[in-house]
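Below, each value reflects all heavy atoms present in this structure, side chains not excepted, and no hydrogens, waters or symmetry copies. Not measured: the values here are computed from a predicted model. A note on names: the letters A, B, ... follow the listed sequences, proteins ahead of strands, and every chain is numbered from 1.
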Amino acid sequence: MPELPEVETTRRGIQPHIRKKVVRNIILRRKNLRWPITPAISTDLPGETIQSVSRRGKYLLLGTSKGTLIIHLGMSGSLRIVEAGRQAAKHDHVDIVLANGKVLRYTDPRRFGCILWETEPIESHPLLASLGPEPLGDDFDTDYLFKKSRTRSAAIKTFIMDSRVVVGVGNIYANEALFLAGISPKRSAGKISKPRYAKLVLCITQVLQQAIDVGGTTLRDFTDSNGEPGYFAQSLQVYGRKGKPCHVCQSTLKEIRQGQRSTVYCPKCQR
DNA sequence: ACTTCGACCTGTTGGC
DNA sequence: TGCCAACAGGTCGAAG
């Protein structure tokens, strides 16, 4: 489910249904996700109005006058708008019931996600404090990435997936961006030239923006119960294509493991 | 300051 | 066909 484009798609999908709406009550069907779900949400949230629906990296932030609800979807999480009273399925762990009869429902089979309530200034929250810039924001540019990379010996793929470097570049788009930029995923981050970083920055922004744009079409039927995306699958160049021919040079795409994540690349196009 | 790796979970897939 | 190991869109936090 959640690469940055999907989280952003989720944000855009739920925002019109929950912003400026009043929370009636919370239904907790399970106490823990990755961490305990802050118990205080059951008493603090009812009566509050959701004022903002924003995103930092892959964290969704629901702002109220009392505090901020931090939601992460982990590997398998999703958020849906359903009608109040709708039967909950196996992995529907939390319902945020609104006064208007709608419910924001959190589902997460693997429970790698989290739901945390923060009443202190949100920027200083430990999970958010050391995050790098947004890939689609102004702070993410060639100079930044080049400078940041100079002291790093890690492979470029690992480097761009590090949330302290830049947020939101998950495994799929790290693979895709490196292919588009023609950079070998194994190359050491500190040994890549500035012009190549310029290209990489462009490719990262482009691939993420494109995916968000396509996600926009999924947006319309977001409230449908059966949300199968697969909308970006068509445009994937390397991810999930191990052993298949490169779309550019027909060479066989190779797969390796980097930091227990699979990397697929074209040995000829990526150097 | 940086890198590596185990851990957290369930559902699906691929190889035998 | 069936079983089991390996793997899956993330990322924290401990240890080196």
Rounded to whole Å, CG of A:Asn32 lies from P of B:dT10 at a distance of 12 Å
Taking the minimum atom-to-atom distance to the side chain of A:Lys58, which one of C:dG9, B:dT10, C:dT11 wins? C:dT11
Determine, using the 4.5 Å side-chain heavy-atom cutoff (strictly less than), whether A:Tyr59 and A:Met161 are members of one ILVMFWY cluster. no
Counting only side-chain nitrogens and oxygens, does A:Lys90 get under 4.0 Å of the OP1 or OP2 atom of B:dG11? yes
Could you pick out which residue, A:Pro109 or A:Gly259, lies toward the 5' side of DNA chain B when each is mapped onto its nearest nucleotide? A:Gly259
Is atom CG of A:Asp138 surrounded by more than 12 heavy atoms (other residues, nucleotides or ligands) closer than 6.0 Å? no
Face-to-face stacking of A:Phe112 with B:dC9, centres under 5.5 angstrom, angle under 30°: no
Test A:Ile96 against every option in A:Ile27, A:Leu79, A:Val23 by the side-chain contact (heavy atoms from CB on, under 4.5 Å) rule and name the one that passes. A:Val23
Kindly indicate whether the side chain of A:Ile81, heavy atoms from C-beta on, has any atom under 4.5 Å from the side chain of A:Val103. no
In whole Å, I'd like the distance from the CD atom of A:Gln260 to the C1' atom of B:dC8. 12 Å
For B:dC9, give its Watson-Crick or G-U wobble partner with both distances under 3.5 Å, or none. none
For A:Leu33, answer base if it contacts any base atom (sugar-phosphate contacts may also be present), sugar-phosphate if it contacts only those atoms, and nothing otherwise; contact means non-hydrogen atoms under 4.0 Å. nothing
Determine yes or no for a side-chain-to-main-chain donor-acceptor pair under 3.5 angstrom, with A:Glu3 supplying the side chain and A:Ile172 the backbone. yes
Identity of whatever pairs with C:dG9 - Watson-Crick or G-U, under 3.5 angstrom: none
Between P on B:dT3 and CD1 on A:Ile160, what's the gap in Å once rounded to a whole number? 14 Å
Please determine whether any donor N or O and acceptor N or O are separated by less than 3.5 Å between the side chain of A:Arg111 and the base of B:dC9. no
Any side-chain N or O of A:Ser153 under 4.0 Å from OP1/OP2 of B:dT3? yes
No-H, no-angle donor-acceptor pair, A:Glu6 side chain to C:dG9 base, under 3.5 Å: yes
Donor on one side chain, acceptor on other, A:Thr263 and A:Gln258, under 3.5 Å: yes
Considering only atom C1', compute the distance from C:dG9 to B:dT3 and round it to an integer number of Å. 23 Å
For a quick test of reading the model: is some side-chain N or O of A:Tyr173 closer than 4.0 Å to OP1 or OP2 of C:dG9? no
Does B:dT10 have OP1 or OP2 under 4.0 Å away from a side-chain N or O of A:His91? no
Using a heavy-atom cut-off of under 4.0 Å over every strand shown, decide if A:Arg257 touches base, sugar-phosphate, or nothing. sugar-phosphate
Taking C:dC12, C:dG9, C:dT11 as options, the one with an atom nearest any side-chain atom of A:Tyr239 is C:dG9
Phosphate contact (C:dG10 OP1 or OP2) by A:Arg261 side-chain N/O below 4.0 Å: yes
Could you tell me whether the phosphate oxygens of B:dG11, OP1 or OP2, come under 4.0 Å of any side-chain nitrogen or oxygen in A:Ser76? no
Could you tell me whether the phosphate oxygens of C:dC12, OP1 or OP2, come under 4.0 Å of any side-chain nitrogen or oxygen in A:Tyr59? yes
Report the distance from atom CZ of A:Arg110 to atom C1' of B:dT13, rounded to the nearest whole Å. 13 Å
In this structure, how many angstroms lie between the C1' atom of B:dC9 and the CG atom of A:Leu73, rounded? 16 Å
Within the structure, does a side-chain N or O atom of A:Arg152 lie under 4.0 Å from either OP1 or OP2 of B:dT3? yes
Check every strand shown and say whether A:Thr151 touches a base, only sugar-phosphate, or nothing at a heavy-atom separation below 4.0 Å. sugar-phosphate
Counting side-chain heavy atoms from C-beta on, which of B:dC9, B:dG6, C:dG9 comes nearest to A:Met75? C:dG9
Atom P, compared across C:dC4 and B:dC9: separation rounded to whole Å: 23 Å
Taking atom C1' of C:dG10 as reference, at what distance in whole Å does atom CG of A:Leu60 sit? 14 Å
Whether the side chain of A:Glu176 engages the backbone of A:Tyr239 through a donor-acceptor N/O pair (distance < 3.5 Å, no angle test) should be reported. yes
Short side-chain N/O contact to C:dG10 OP1/OP2 from A:Ser163, under 4.0 Å: no
Rounded to whole angstroms, how far apart are CG on A:Leu4 and C1' on C:dG10? 13 Å
What is the distance, to the nearest angstrom, from the CZ atom on A:Arg55 to the P atom on C:dG10? 14 Å
